[in-house]
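Report on the following structure.
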Amino acid sequence: MSGWHSGGTPFQLHRHSTVTDIHDDSILRLEGISRSFPGVRALDDVSFEICRGEVHALVGENGAGKSTLMHILGGVLQPDRGRIILDGRDCVFHSAHDAQLKGVRVVYQELSIVSTLSVAENIFANCQPVNSFGLIDRRELNRRAKELITAFGEDIEPDILAGELPIGKCQVLEILKALTFSPSIVLLDEPTSSLSASETAMLFNKIRSMKNEGVSFIFISHHMPEIFEIADRVTVLRDGACQGTFEVSETDEDALIAKMVGRKIGDMYGTPIPYSGKQETVIAVENLSRKSEFHDVTFSIERGEILGFAGLVGAGRTELAQSLFGLNKPDQGIVRLPGETVRFRSVKDAVKHGVAYLSEDRKVRGLCLSLSVRENLAAPSLDRFAGAAGFINDRKLADFADETIVAYNITTPSARQTVFNLSGGNQQKVLLGMWMGTSPQILIADEPTRGVDVGAKEEIYRHIRSLATKGAAVMLISSDLNEILGMSDRICVMRNGRIAATLNRDEASEETIISHALARGEAVS
């Protein structure tokens, strides 16, 4: 299986502990950590401790302060005030390198892999073995890398360029990099967001093994079942403040979510409201193929329908979506829209025909991180803000941006804030608002809630449902089976580049989806 997340086991009651409950085996203590940015108080008097050989989860909504705390512990940022006590001594991390030398390694959600370097060079960046002449010993470098890769359970050649690897394997490399310095504390920020289920299992086995050797972990994840599977304790942040530390065995998902968002989350996926207008097919795909990616794909989506696409990583779902959006050209097949047969020559052509695409990687294909929130929001629909002379009407654009920020609950100091400075969840909401602003007739949503918190997920689902209720057709690609089952009217299961089964919602279950996805199929020609 690959990249699927399902419900966790509920636990009973919970007990609150604070930093005053100091353990004899404490390796790291934070006392009163605070940090502010212009217009934002990211951390406010945060205190908790990490024990030796403990997996300590850190949860909270996007923007709760988790990433800021990671950057402080990783030596990238300095706190405005507060103490960091490492192994019983006051400690200041002057840089990322300083933190590494003191035994703290961070695996950030944003990958730092250099695509033009080999796998081995990435793993041992800045610590490559050298020969007697002071030159890099390539043979020894590749040997050590292969040894580490094999120990992790992967089969990656150490001498290939990292840029040739899919995003999930790059995430594995990021984790392997953190293990090269024999760290005493490893901070993992959404480490499984791009991993398959088997890779996640291997990571968890490695964490357990290192935990038994006395290594401590801070584990950030939005997937609650992972918290209950791997963590010993969990600390909750909300609006930069600590809401308490809890024994995992004595709490449950609902209690943690209530602490995270300050309210009780109801039915996250919402209740579908049928489209009340004329029923018609918005998009029909017939025998679409692209060599080595997908083959003979046939499906259709009606007005107001959400068609889910499930399958293993590599099944061809994203490649299919990119071809439908004009990013790649299919080798054969037909795509029909109401009243016409189309072959999109470009993304601009697809957008002109009412197609919008939320890419699975918002940082690479989705957003321009160096531009402001309002510039990103307006990017796909600039024509609507142009005056008679062709110049952009700044007031019209500003009003649109402000309205979208409110409608999509985007947390930002202003519409002129650079998107790079927003949390992952708010970046995702900018991406959603950006494409919703085009009033699409067809929305392709590829992993629309990857790396966002439970509150942001609820908001994203609500907007997707609202679009469907207005008559748009939605193609929902997700590795989260709960998301597929909770949002879809029908479900297509892809396997080896083909649609292996199409299921009505009332006949679909995790078991049936997995069964169709895992069955042996023909290779894509």
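We use all heavy atoms of the structure for the numbers below, so side chains are in, but hydrogens, waters and symmetry mates are not.
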Are side-chain N/O atoms of [X] and [Y] paired as donor and acceptor at under 3.5 Å?
X	Y	answer
His56	Thr235	yes
Ser26	Glu49	yes
Thr449	Gln428	no
Glu483	Tyr461	yes

Please check this pair: side chain of [X] against backbone of [Y], looking for a donor-acceptor N/O pair closer than 3.5 Å.
X	Y	result
Thr150	Lys146	yes
Asn376	Leu367	no
Arg362	Arg450	yes
Gln417	Val373	no
Thr418	Phe420	no
Ser184	Gly103	yes

[X]: which residues meet the side chain to side chain donor-acceptor pair (under 3.5 Å) condition with it, sequence neighbours left out?
X	value
Lys102	Asp98
Asp361	none
Asp402	none
Tyr408	none

Sorted by chain and residue number, the ring pair (Phe, Tyr, Trp, His ring centres under 6.0 Å) partners of Tyr357 (sequence neighbours excluded) come out as Phe325

Sorted by chain and number, sequence neighbours left out, ring pair (Phe, Tyr, Trp, His ring centres under 6.0 Å) with Phe217 holds for none

What distance separates [X] [atom1] from [Y] [atom2], expressed to the nearest 0.5 Å?
X	Y	atom1	atom2	value
Ile27	Ser216	CD1	OG	4.5 Å
Lys66	Leu187	NZ	CG	13.5 Å
Ile50	Ile218	CD1	CD1	4.0 Å
Ser118	Phe124	OG	CZ	10.5 Å
Ile175	Leu148	CD1	CG	11.0 Å

Just so I know, are the side chains of [X] and [Y] near enough to count as touching, which here means a heavy-atom distance under 4.5 Å?
X	Y	value
Glu157	Val119	no
Asn426	Thr412	no
Ile185	Leu28	yes
Leu467	Met436	yes
Pro191	Phe219	yes

(message) Between Leu237 and Val59, is the side chain to side chain contact (heavy atoms under 4.5 Å, CB included) condition met? List the steps.
(response) CA-CA 6 Å; Leu237 293 181; Val59 299; over 6 Å; no

Test of understanding: with salt bridge (charged side-chain N to carboxylate O under 4.0 Å, His left out), list the residues that count as partners of [X], not counting sequence neighbours.
X	value
Arg52	Asp87
Glu54	Arg233
Arg374	Asp394
Arg208	Glu229

Applied to residues 420-432, the salt bridge (Lys or Arg N to Asp or Glu O under 4.0 Å) test, sequence neighbours excluded, yields Lys429-Glu459

- Take Gln78 and Val92, measure what side chain to side chain contact (heavy atoms under 4.5 Å, CB included) needs, and give me the verdict at the end. CA-CA 8 Å; Gln78 299 295 317; Val92 176; 3.6 Å; yes

>> For Arg144 and Glu140: C-alpha separation, side-chain torsions, deciding distance, then whether salt bridge (charged side-chain N to carboxylate O under 4.0 Å, His left out) applies.
In response: CA-CA 6 Å; Arg144 291 188 189 179; Glu140 178 64 11; 2.9 Å; yes

In terms of heavy-atom contacts, Ala456 and Glu61 come closest through N-OE2, 4.4 Å

*Can you check side chain to side chain contact (heavy atoms under 4.5 Å, CB included) on Val419 and Cys368, steps first, answer last?*
CA-CA 8 Å; Val419 167; Cys368 186; over 6 Å; no

In chain order, what residues pass the side chain to side chain contact (heavy atoms under 4.5 Å, CB included) check against Glu375, with sequence neighbours excluded?
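Glu375 satisfies side chain to side chain contact (heavy atoms under 4.5 Å, CB included) with Leu371, Ser372 once adjacent residues are dropped.
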
